[in-house]
2 protein chains.
Amino acid sequence: MPKDRDTEARILAAARTVFIRRGTSGARLQEIAAEAGVNQALVHYYFGSKDDLAERVFIEAAQTLVPAFAPIPVPGMVFEDLITAFVQGYIDAVRQAPFIPGYVLSEATHHPERLETLMRTAIGTVPREVAARTFPIVERMIAERVAQGTLRPMNVQQLLVNVMALSVFPFVARPMLAAAFGFDDESFHAFLDERREDLPRFIINALRP
Amino acid sequence: MPKDRDTEARILAAARTVFIRRGTSGARLQEIAAEAGVNQALVHYYFGSKDDLAERVFIEAAQTLVPAFAPIPVPGMVFEDLITAFVQGYIDAVRQAPFIPGYVLSEATHHPERLETLMRTAIGTVPREVAARTFPIVERMIAERVAQGTLRPMNVQQLLVNVMALSVFPFVARPMLAAAFGFDDESFHAFLDERREDLPRFIINALRP
DNA sequence: GTCTATATCCAGATAGAC
DNA sequence: GTCTATCTGGATATAGAC
């Protein structure tokens, strides 16, 4: 079915760029074709309709967001290290493709049906399984420490949202932050560097009894 | 220039609804007209082009996000109360219009030029003035407490981003959270209720020395 | 001020030559 | 497999009647 692998890859890469830049509705097939250096008809030839292509790009983008959550595996790790690994791993990963989170969140609100498709995907179910496995582990981890008196009680769901919020928000809100704080590329990255170091302590402190 | 005030208001309200629901590019003037119970030609009659209307809706939405930051005024308030007031005030405010933050952030990334327009607006400059006034106050507040040894040193910019992130993120990521945690409307609001109570303590704890 | 009808444009999609 | 040319539909926008 895939004809020329290279062309296909170039179009797909261009599609990612354009869909992420403009959003699904704002994207134009013409712009994708130009970015890929091919004719617009080729886009259809390789990927069918715009909607097909958009869905594919979204699913893939949403998936790249998930592995970032993977560093959860907990061998004999203490809670503090887990938090640090998660936060720093996440920031490092997202930095490689800083517009993915905003794109995924925005698409998820405008096209909720895509989320359903994602969830039915084989890979889409992974996060739920990961969550089902790691949630209890983290909960036990916290419970033990709470019993020891070295951690205060905390709802794990709320904690997870806190950690994600603190890690992801700067990327999603980047244009606003840039406008508010006068960030350019350099100062934004300096801000992230500082954040990468500060966040783990912030979170760990918050959980002291 | 405004002809019939009521019709104008109905169209504008409809425009808000549709633009926020679909995003600027995804919105259709026909849907706005239908939602307002008027003909599509009237939309042009009152607001000119789609782009004009979109910009107006965005500017207004971005502004409603700002007053939420206003509860910053600090009379003889202690730092802990400031954090609590901010977080709870913000959550309460955004709950009234829970899709505003996602819409504003998404538009800000897809149409950065709108941000510039916003910043040149009279009201657009308010946040910067507010920030210019309150930043030093908060900085002094923290510095005193740090000197006292009752607060650990903390970059105010990072702190502000942390507070915003923790408050705003659940709304922006609502569809993802709903999919991940199986939230419906009711459990999502229960989650917010809990959050409203937990967050201030989380943040305040994080700042203990 | 509000409508119907229509013009204009542009994007997605297909046909068919090479 | 890749292109040019073209069709079709839909969306913004305008003209003009009421």
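Heavy atoms only: backbone and side chains are in, while hydrogens, waters and symmetry mates are out. Here is the naming used below: chain letters follow the sequence lines, and residue numbers restart at 1 for every chain.
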Write down the distance between CG (A:Asp4) and C1' (D:dC3), rounded to a whole number of angstrom.
-> 15 Å
Spacing between A:Asn39 atom CG and C:dT14 atom C1', to the nearest angstrom = 12 Å
Would you call A:Arg21 and A:Glu35 a salt bridge, using N to O less than 4.0 angstrom?
-> yes
Verify the neighbour count for atom CZ of A:Phe188: are there more than 12 heavy atoms of other residues, nucleotides or ligands below 6.0 Å?
-> yes
Rounded distance in Å - NZ (B:Lys50) to C1' (C:dC10) | 13 Å
Nearest to the side chain of A:Tyr46, which nucleotide is it out of D:dT2, C:dC3, C:dG12?
-> D:dT2
N/O (side chain, A:Ser49) to phosphate O (OP1/OP2, C:dG12) under 4.0 Å | no
Could you give the CD-to-P distance, from B:Gln30 to D:dT14, as a whole number of Å?
-> 17 Å
Distance check: side-chain N/O of B:Tyr45 vs OP1/OP2 of C:dC3, anything under 4.0 Å?
-> no
From the options B:Glu55, B:Lys50, B:His110, B:Glu107, select the one residue that forms a side chain to side chain donor-acceptor pair (under 3.5 Å) with B:Thr24.
-> B:Glu107
Between B:Ile11 (CD1) and C:dC3 (P), how many Å, whole number?
-> 9 Å
Closest to the B:Ala41 side chain: D:dA13, D:dT14, D:dT2?
-> D:dT14
CG of A:Leu42 versus P of D:dT2: gap in Å, rounded?
-> 5 Å
Using the salt bridge (Lys or Arg N to Asp or Glu O under 4.0 Å) rule, take B:Arg56 and B:Asp52 through it: C-alpha gap first, then chi angles, then the decisive distance, then the call.
-> CA-CA 6 Å; B:Arg56 168 141 176 196; B:Asp52 292 343; over 6 Å; no
Select base, sugar-phosphate, or nothing to describe what B:Ala33 touches, counting heavy atoms under 4.0 Å on all strands.
-> nothing
Between D:dA11 atom P and B:Arg28 atom CZ, what is the distance in whole Å?
-> 5 Å
A:His44 NE2 to C:dA13 C1', in whole Å, measures 5 Å
